[in-house]
Amino acid sequence: WPVPFDCTLRNMFARSGGAAGGATENFRYALLLDSTVTALSCTATAAENQSFDTANVVTATQGKRLSIRLITSAAPTVTYHNVSMEMRPL
């Protein structure tokens with residue numbers, strides 16, 4: 001998704017359709033800009049189905065490609081994931 005204007009991205013919130021699973025399983029969501037992982041990320045572990053990052057802020061310039069990467073620790077059966085964040089113009 002192309003970034004429509006120069007902005008900051010913050011307050012990432014992620015939710016899955018179910019818990020990550022066992023004690024060692026997790027869902028890690030990360031914001032990528034032009035395929036590069038940024039500091040904006042969050043992880044849901046074990047019985048959690050939501051996570052957030054309210055500490056990190058990322059600056060993006062118009063035209064950069066924004067995407068979300070989901071990394072799982074095992075073979076989860078959850079197929080629904082929703083990620084949102086705040087976008088503020090510079």
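As a basis for the values below, the full set of heavy atoms in this structure was taken, side chains included, without hydrogen atoms, waters or symmetry mates.
- Considering CG of Leu40 and CG of Asp53, their distance stands at 5.0 Å, rounded to 0.5 Å.
- A donor-acceptor pair under 3.5 Å is absent between the side-chain atoms of Asp6 and the main chain of Leu90, judged by distance alone.
- The two residues Met12 and Ala30 come nearest to each other via the heavy atoms CE-C, 4.3 Å.
- Under a 4.0 Å N-O distance rule, the pair Lys64/Asp34 qualifies as a salt bridge.
- The heavy-atom pair separating Ser51 from Thr43 by the smallest distance is CB-O, 3.3 Å.
- Counting only heavy atoms from C-beta outward, the side chains of Ser67 and Leu32 approach each other to under 4.5 Å.
- Two residues are said to be in side-chain contact when any heavy atoms from C-beta on lie closer than 4.5 Å; Met85 and Ile68 meet this criterion.
- Side chains of Glu86 and Leu9 form no contact here, defined as non-hydrogen atoms less than 4.5 Å apart.
- When side chains are defined from C-beta on, Tyr80 does not count as touching Ser16, because their heavy atoms never get closer than 4.5 Å.
- A distance-only check finds no donor-acceptor pair linking the side chain of Thr8 to the backbone of Val57 [under 3.5 Å].
- Looking at heavy atoms from C-beta onward, Pro2 lies in side-chain contact with Arg65 at the 4.5 angstrom threshold.
- In this structure the side chain of Val58 never reaches within 4.5 angstrom of the side chain of Arg10, judged on heavy atoms.
- Taking NE2 of His81 as the start and CZ of Phe27 as the end, the distance is 4.5 Å to the nearest 0.5 Å.
- Put simply, CZ on Arg69 and OG on Ser41 are 11.5 Å apart, with the number rounded to the nearest 0.5 Å.
- Nearest approach of Phe5 to Met87, heavy atoms of both residues: CZ-SD, 3.7 Å.
- Residue Gly18 comes nearest to Asn49 through the heavy atom pair O-CB, 3.5 Å, listed as atom of the first residue, atom of the second, then distance.
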Start with the C-alpha distance between Thr72 and Asn26, add both sets of side-chain angles, then the distance that settles side chain to side chain contact (heavy atoms under 4.5 Å, CB included), and finish with yes or no. CA-CA 6 Å; Thr72 62; Asn26 61 63; over 6 Å; no

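- Hydrophobic clustering, with ILVMFWY side chains joined whenever heavy atoms are under 4.5 angstrom apart, keeps Leu31 apart from Ile71.
- For Phe13, the CZ atom counts as densely surrounded, since its 6.0 Å shell holds more than 12 non-hydrogen atoms of other residues, nucleotides or ligands.
- Counting heavy atoms from C-beta on, the side chains of Thr61 and Val3 never come closer than 4.5 Å.
- Residues Phe52 and Ser84 fail the side-chain proximity criterion, which asks for heavy atoms closer than 4.5 Å.
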